[in-house]
There are 2 protein chains.
Amino acid sequence: MAAKVTIADVARYANVSRQTVSNVLNSPEVVKEETRQRVLAAVNALGYRVSAAARQMRTGRSRLLAVRIETTQDGMNVFDRFLHGLTESAARSDYRVLLYTATDDRSEIDTIDQLLGEFEPDGFVLTSTHHGDARASWLAERDLPFVTFGRPWGASEAGHPWVDVDGAAGTEAATRHLLGDGHRRIGFIGWEAGSGVGDDRRAGWSRALAAEGLDTALTLETDGSPDQGRAAAQELVERGATALVCVSDSVALGALQVTPAVVGFDDTPVAAAIGLTSLGQPLAEAAARCVELLTDRLSGRPTAPHVLLSPTLVTRKPTLAIRKDPRS
Amino acid sequence: MAAKVTIADVARYANVSRQTVSNVLNSPEVVKEETRQRVLAAVNALGYRVSAAARQMRTGRSRLLAVRIETTQDGMNVFDRFLHGLTESAARSDYRVLLYTATDDRSEIDTIDQLLGEFEPDGFVLTSTHHGDARASWLAERDLPFVTFGRPWGASEAGHPWVDVDGAAGTEAATRHLLGDGHRRIGFIGWEAGSGVGDDRRAGWSRALAAEGLDTALTLETDGSPDQGRAAAQELVERGATALVCVSDSVALGALQVTPAVVGFDDTPVAAAIGLTSLGQPLAEAAARCVELLTDRLSGRPTAPHVLLSPTLVTRKPTLAIRKDPRS
DNA sequence: CACGTCATTTGGATCGATCAAACTCTCAGA
DNA sequence: TCTGAGAGTTTGATCGATCCAAATGACGTG
């Protein structure tokens, strides 16, 4: 294990003071070019790296962003790709991602509170925003830097930077795609009303149909499971639907057992596997924007209030469908 | 933003010295019970939390574990669940997980080197071990604490703690399961020889067949894609196979388009979605064991050299199969 | 009653960086 | 020649915890 190289070692090696080394790294413009070169050479020669702990102690900045890692449920989600993008974008701005877990809003707030005392992350990224999100208001009250991936769905939580993907635009595009294929009776399988994300996605579908003067009555609510998706699809088909737009790939998976003209949401690996047309979120970009909004705020730059990205329809032909006679 | 509470504040409040507060938290046995109570009360009253930075500065311990977040490829992997388990287990031992990305072994080593200089993680968790893994030897040479999830496949990399799931035991169980269903000609679709994981999984299959005196010639190598899985399945079925054990769910997905008697590996969401029987890894436990091995080593306790866990066969009935006439 | 022992508590130094303020030159202008 | 400004560099203090060595106090013993 190489001995720790401190700023004092570099200073000695380059025949300058500690402060000058610090200046070379943090405010190079105040240092004479010749000195700067000499110090940089010393830094390289010794393999010096600033100690995050020491720097944090003095400046109060940790260069850490904290993110909650979500529980995976049925695994048909999008979080892991977002997290990967976040880690990469953060690294590009010299930030690192610190993970934590929580079971609900309340425990997440407790964890955030604890982290603030111990590791003092410079910023937080919240995902899965929802109506009456206690986390956002908690952070906002304390004036702590954070971004949400997911817009604030309640009025009271507005006013913080966020990044989101335009679900309504997505389902609208999906519905138009089905209209283009000649479908006239297109249903929507959603979640229970009241979820911001779900309602938004339903709105896009109904907007597209309304624009054509078509029936927007063919919609049902589910708990999001494939089973309920299948049941809902069954009923909607009986009521005359020939195609279905779904609030998620999970629901779409069930629907696909009833009819092939189905569009899902999130473009999960499952969609790719079974040939389900689905709406893909630009997750790497969403993550990059989150980091951008946060780091702008952290370095005092003016920040965009929010960013709304568009999903992309990924069209596929179903390769798998319900097996009528399950053997083995 | 609540003002920072330091150990000195607590000391003043409880009418003791800083050191006594520190002792209450770190070596309670040297403090008189009554004092201990008084200090703890002060800690609660003020909401004191140790500053990780200050502690690290003095002790050299960061209470951080660093893990590389893998790229997701086709998303049919297991890493996100492992990572979640790791974060939870780490938190239970008062460690936090720090993420980083890397594109290959070399860049991962560079990143680790950099992290060591800056954030000084106390330990590392390496995943996706392989033959001639440069990362493990690099860390071992420097005597840095790390665990791998995945055993060391080369002789030279042995000697560090690891946690792994017994792939051979898994495929052996899967093969026996198929034998129990009456199959006699069971094929194996694997990866190119030379990958430790892949060879191990093939070995379990061949062991089970050999034990019954059956033919172990029905095996092919692929690049792991569903397409090649499908092609391999086609050929093996033509050569007489009635059932197939697969090295991954991805390959199995392709194989399932040829015959329904297929077993995959990893029990990914895709397997659940399409009703693919698959071998599930005990990821939460694997993660917990990784943390255990690491923290044991970090606190000087004797550590188990390694841990080998068994996968579980999750049997399902295919709900989806190849669609003969793809409409829409 | 002085003294050693043990349990408990304390003050000062320290980790490695940055802040704030002071210092040293050099050079232009009075 | 002296002064002042400005560029460039240095010194000392500080962030909040823990290490170390030493002080304090209670208690039993010869």
Side-chain angles (χ1 to χ4, degrees), chain A residues 1-40 42-43 46-64 94 115-120 122 299, chain B residues 1-40 42-43 46-64 94 115-120 122 299:
Chain A
M1 188 150 26
K4 216 174 299 175
V5 180
T6 75
I7 204 171
D9 298 324
V10 177
R12 205 170 309 124
Y13 188 98
N15 256 307
V16 295
S17 68
R18 299 182 326 264
Q19 185 60 44
T20 297
V21 177
S22 174
N23 285 337
V24 167
L25 300 173
N26 300 311
S27 340
E29 69 281 4
V30 310
V31 180
K32 190 159 60 166
E33 177 61 16
E34 181 206 317
T35 322
R36 202 177 70 82
Q37 296 295 350
R38 186 151 39 93
V39 169
L40 287 179
V43 165
L46 301 178
Y48 168 76
R49 294 194 202 291
V50 285
S51 152
R55 186 216 269 124
Q56 177 182 349
M57 180 98 115
R58 193 75 252 259
T59 64
R61 291 314 197 65
S62 62
R63 303 208 76 90
L64 290 175
D94 270 313
L115 282 176
L116 278 169
E118 298 180 359
F119 290 88
E120 295 180 82
D122 291 338
S299 47
Chain B
M1 189 152 21
K4 218 173 296 176
V5 180
T6 76
I7 204 172
D9 298 324
V10 177
R12 206 171 307 124
Y13 189 96
N15 256 308
V16 294
S17 68
R18 298 184 324 266
Q19 184 59 44
T20 298
V21 177
S22 174
N23 284 337
V24 167
L25 300 173
N26 300 310
S27 344
E29 71 280 2
V30 310
V31 180
K32 191 159 61 165
E33 177 62 15
E34 183 205 317
T35 322
R36 203 177 67 82
Q37 297 296 350
R38 186 153 38 94
V39 170
L40 286 180
V43 165
L46 301 178
Y48 169 76
R49 296 193 201 291
V50 286
S51 150
R55 188 218 268 122
Q56 176 183 348
M57 181 98 116
R58 193 75 254 258
T59 65
R61 291 313 196 65
S62 63
R63 301 208 78 91
L64 290 175
D94 271 312
L115 281 176
L116 278 169
E118 298 180 358
F119 290 87
E120 294 181 82
D122 291 337
S299 48

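Hydrogens, waters and symmetry mates play no part in the numbers below; they use all other heavy atoms, side chains included. Chain A is the first sequence line, chain B the second, and so forth, proteins listed ahead of strands; every chain is numbered from 1.
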Novice: Take atom CG of Leu25(A) and atom P of dC19(C), then tell me their distance rounded to the nearest Å.
Specialist: 12 Å
Novice: Do Thr35(A) and Val24(A) come within less than 4.5 Å of each other through their side chains, counting heavy atoms only?
Specialist: no
Novice: Check this one for me: any side-chain N or O of Ser51(A) less than 4.0 Å away from OP1 or OP2 of dA17(C)?
Specialist: no
Novice: Nearest of dG16(D), dT18(C), dT10(D) to any side-chain atom of Met57(B)?
Specialist: dG16(D)
Novice: For the pair made of CD in Glu120(B) and C1' in dC15(C), what is the distance, rounded to whole Å?
Specialist: 10 Å
Novice: The side chain of Asn26(A) lies closest to which of these nucleotides: dT18(C), dT18(D), dT9(D)?
Specialist: dT18(C)
Novice: Looking at every non-hydrogen atom in both residues, tell me the closest pair between Lys4(B) and Asp9(B) and how far apart they are.
Specialist: O-OD2, 3.7 Å
Novice: Rounded off to whole Å, could you give me the CG-to-P distance for the Asn23(B) and dT18(D) pair?
Specialist: 9 Å
Novice: Grab the CD-P distance between Glu34(A) and dG8(D) for me, whole Å please.
Specialist: 11 Å
Novice: For a quick test of reading the model: is some side-chain N or O of Thr59(B) closer than 4.0 Å to OP1 or OP2 of dC15(C)?
Specialist: no
Novice: Does Arg49(B) reach a base, just sugar-phosphate, or nothing at all? Heavy atoms under 4.0 Å.
Specialist: sugar-phosphate
Novice: Rounded to whole Å, how long is the line connecting atom CZ of Phe119(A) with atom P of dC15(D)?
Specialist: 22 Å
Novice: Compare the minimum distances between each of dT10(C), dG16(C), dT10(D) and the side chain of Gln19(B), then state the nucleotide with the smallest one.
Specialist: dT10(C)
Novice: Pick base, sugar-phosphate or nothing for Arg61(B), based on heavy-atom distances below 4.0 Å to the nucleic acid.
Specialist: nothing
Novice: In whole Å, what is the span from the CD atom of Gln56(B) to the P atom of dC19(D)?
Specialist: 14 Å
Novice: Using only side-chain N and O atoms of Ser22(A), determine if any of them is under 4.0 Å from OP1 or OP2 of dT18(C).
Specialist: yes
Novice: Between dA17(D), dC15(D), dT9(D), spot the one nearest the side chain of Val50(B), thanks.
Specialist: dA17(D)
Novice: Within the 4.0 Å heavy-atom criterion, would you say Thr20(B) contacts the bases, only the backbone, or no part of the nucleic acid?
Specialist: base
Novice: Which is more 5' along DNA chain D, the nucleotide nearest Ile7(B) or the one nearest Arg38(A)? Just name the residue.
Specialist: Arg38(A)
Novice: Hey, is CD on Glu33(B) packed in by over 12 heavy atoms from elsewhere, all under 6.0 Å?
Specialist: yes
Novice: Check every atom of dT8(C), dG16(C), dC15(C) against the side chain of Lys32(B) and return the nucleotide holding the closest atom.
Specialist: dT8(C)
Novice: Expressed as a whole number of angstroms, how long is the span from Asp9(B):CG to dA17(D):C1'?
Specialist: 13 Å
Novice: May I ask you to verify whether the side chain of Arg18(A) and the base of dT11(D) hold a donor-acceptor pair under 3.5 Å?
Specialist: no
Novice: Considering just the side-chain nitrogens and oxygens of Thr35(A), establish if one lies under 4.0 Å of OP1 or OP2 belonging to dG8(D).
Specialist: no
Novice: For residues Ala42(A) and Tyr13(A), report the shortest heavy-atom separation together with the two atoms involved.
Specialist: CB-CD2, 3.4 Å
Novice: Take the protein atom CZ of Arg58(A) and the nucleotide atom C1' of dA17(D), then report the distance between them rounded to whole Å.
Specialist: 15 Å
Novice: Could you walk me through whether Val39(B) and Val31(B) pass the side-chain contact (heavy atoms from CB on, under 4.5 Å) check?
Specialist: CA-CA 10 Å; Val39(B) 170; Val31(B) 180; 6.0 Å; no
Novice: Measuring from the side chain of Ala54(A) (C-beta onward, heavy atoms only), which nucleotide among dG16(C), dT10(D), dT18(C) has the closest atom?
Specialist: dG16(C)
Novice: Taking all non-hydrogen atoms of both residues into account, name the closest pair between Gly60(B) and Glu120(B) and its distance.
Specialist: O-OE1, 4.3 Å
